[in-house]
Amino acid sequence: KKLTLLKEMLAGCGAGTCQVIVTTPMEMLKIQLQDAGRIEAQRKLMAAQSQISSSSPEPAVERRPTATQITRELLRSKGIAGLYKGLGATLLRDVPFSIVYFPLFANLNKLGQKDPNVKAPFYVSFLSGCVAGSTAAVAVNPCDVIKTRLQSLQRGVNEDTYSGILDCTKKIWQREGPTAFFKGAYCRALVIAPLFGIAQVVYFVGIAEFLLDMLPKRRA
């Protein structure tokens, strides 16, 4: 039975909401690990500058936390809620992404179907996944920028702190301009496009079902 566009969008909304529950802690840890390298590089630069002006320089000690250390620290200081910091911004990114992606993919994929009862060729599914994924990624990039800023626990020198989504949006707009909301959009599209293209090919070709059929059957 063919779904209406509204039902396709609602299905995407539900999928995006369920995804956020699982992926937010992973996103949180990923951002902390990425920030650790940036903050450490900035700290080394400041230490080097102070050594030049100091008569007795002290050796710099490198401090790079691991994912396990960050998780333990967050759980110790803030509990489970610490792993879900920026949950609202993550919902603001992933739910609209799914609302755009799933209906767009479904309708693009239908264009390659010669018969409604026959699956589209694998290359149509791949291209449809690429186009739908990259389009959705660029569309929600402003939300991704806000989410990343809110989930960054460590701040560099002269970097802003944010109290919430609205405060973050306002400060970025005022201090960096509207183009700041699309920083990294093209890179994100380049990552998302093949990711979702390959995922749709795997699903539509039926690789998963084929592998499941190879498993030994239980005797009744």
Side-chain angles (χ1 to χ4, degrees), residues 1-31 80 83-151 164-166 168-169 172 178 181-212:
K1 184 180 177 180
K2 185 182 183 302
L3 295 177
T4 63
L5 179 61
L6 178 60
K7 288 183 178 180
E8 288 177 344
M9 294 174 72
L10 288 173
C13 176
T17 303
C18 294
Q19 172 196 317
V20 164
I21 297 170
V22 178
T23 60
T24 296
M26 302 175 193
E27 284 276 336
M28 184 72 179
L29 294 175
K30 180 198 75 172
I31 290 169
I80 294 294
L83 294 174
Y84 282 89
K85 183 179 179 182
L87 176 62
T90 307
L91 282 167
L92 200 62
R93 181 196 67 174
D94 288 354
V95 171
F97 178 94
S98 297
I99 289 174
V100 172
Y101 173 77
F102 286 105
L104 183 56
F105 167 77
N107 287 281
L108 288 174
N109 195 61
K110 283 175 188 173
L111 296 177
Q113 290 179 278
K114 294 179 180 179
D115 187 323
N117 298 318
V118 178
K119 290 180 180 179
F122 77 93
Y123 59 86
V124 173
S125 296
F126 175 75
L127 291 174
S128 298
C130 289
V131 172
S134 57
T135 301
V138 173
V140 302
N141 200 76
C143 300
D144 186 60
V145 170
I146 293 168
K147 178 195 77 70
T148 302
R149 301 285 182 96
L150 289 174
Q151 288 183 322
I165 294 174
L166 292 178
C168 182
T169 305
I172 293 173
F181 291 104
F182 288 94
K183 286 181 177 178
Y186 295 117
C187 292
R188 192 159 183 268
L190 287 173
V191 172
I192 293 293
L195 172 66
F196 279 84
I198 293 168
Q200 292 298 346
V201 168
V202 169
Y203 176 76
F204 273 83
V205 170
I207 293 176
E209 289 83 352
F210 174 75
L211 293 174
L212 287 173

Taking atom [atom1] of [X] and atom [atom2] of [Y], what is their separation to the nearest 0.5 Å?
X: Ser98; Y: Glu8; atom1: OG; atom2: CD; result: 13.5 Å
X: Leu87; Y: Gln151; atom1: CG; atom2: CD; result: 9.0 Å
X: Leu127; Y: Gln200; atom1: CG; atom2: CD; result: 12.0 Å
X: Thr135; Y: Ile192; atom1: OG1; atom2: CD1; result: 12.0 Å
X: Lys85; Y: Thr90; atom1: NZ; atom2: OG1; result: 11.5 Å
X: Met9; Y: Leu104; atom1: CE; atom2: CG; result: 11.0 Å

Closest non-hydrogen atom pair between [X] and [Y], with its separation:
X: Ala185; Y: Val138; answer: O-CG2, 4.1 Å
X: Ala189; Y: Pro194; answer: O-CD, 4.4 Å
X: Leu108; Y: Ala132; answer: CD1-N, 4.3 Å
X: Asn109; Y: Ser125; answer: OD1-OG, 3.0 Å
X: Pro96; Y: Leu91; answer: CD-O, 3.4 Å
X: Phe182; Y: Pro142; answer: CZ-CG, 3.8 Å

Query raised in the report: Looking at side-chain heavy atoms only, is the closest gap between Val124 and Leu111 below 4.5 Å?
Result: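 The answer is no; the side chains never approach within 4.5 Å.
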
**Report entry** Side chains of Val140 and Arg188 in contact at under 4.5 Å (non-hydrogen atoms)
**Finding:**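 SC-SC contact between Val140 and Arg188 confirmed.
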
Report task. Not counting sequence neighbours, which residues clear ring-ring contact (aromatic ring centres under 6.0 Å, His included) with Phe196? List them please. Result ->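 Listed in chain order: Phe97, Tyr101.
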
Show every donor-acceptor pair shorter than 3.5 Å between a side-chain atom in residues 17-27 and any protein atom, with sequence neighbours excluded, or say none if there are none.
from: Thr17; atom 1: OG1; to: Cys13; atom 2: O; distance (Å): 2.8
from: Gln19; atom 1: NE2; to: Asp94; atom 2: OD2; distance (Å): 3.2
from: Thr23; atom 1: OG1; to: Gln19; atom 2: O; distance (Å): 3.0
from: Thr24; atom 1: OG1; to: Val20; atom 2: O; distance (Å): 2.7
from: Glu27; atom 1: OE1; to: Lys147; atom 2: NZ; distance (Å): 2.8

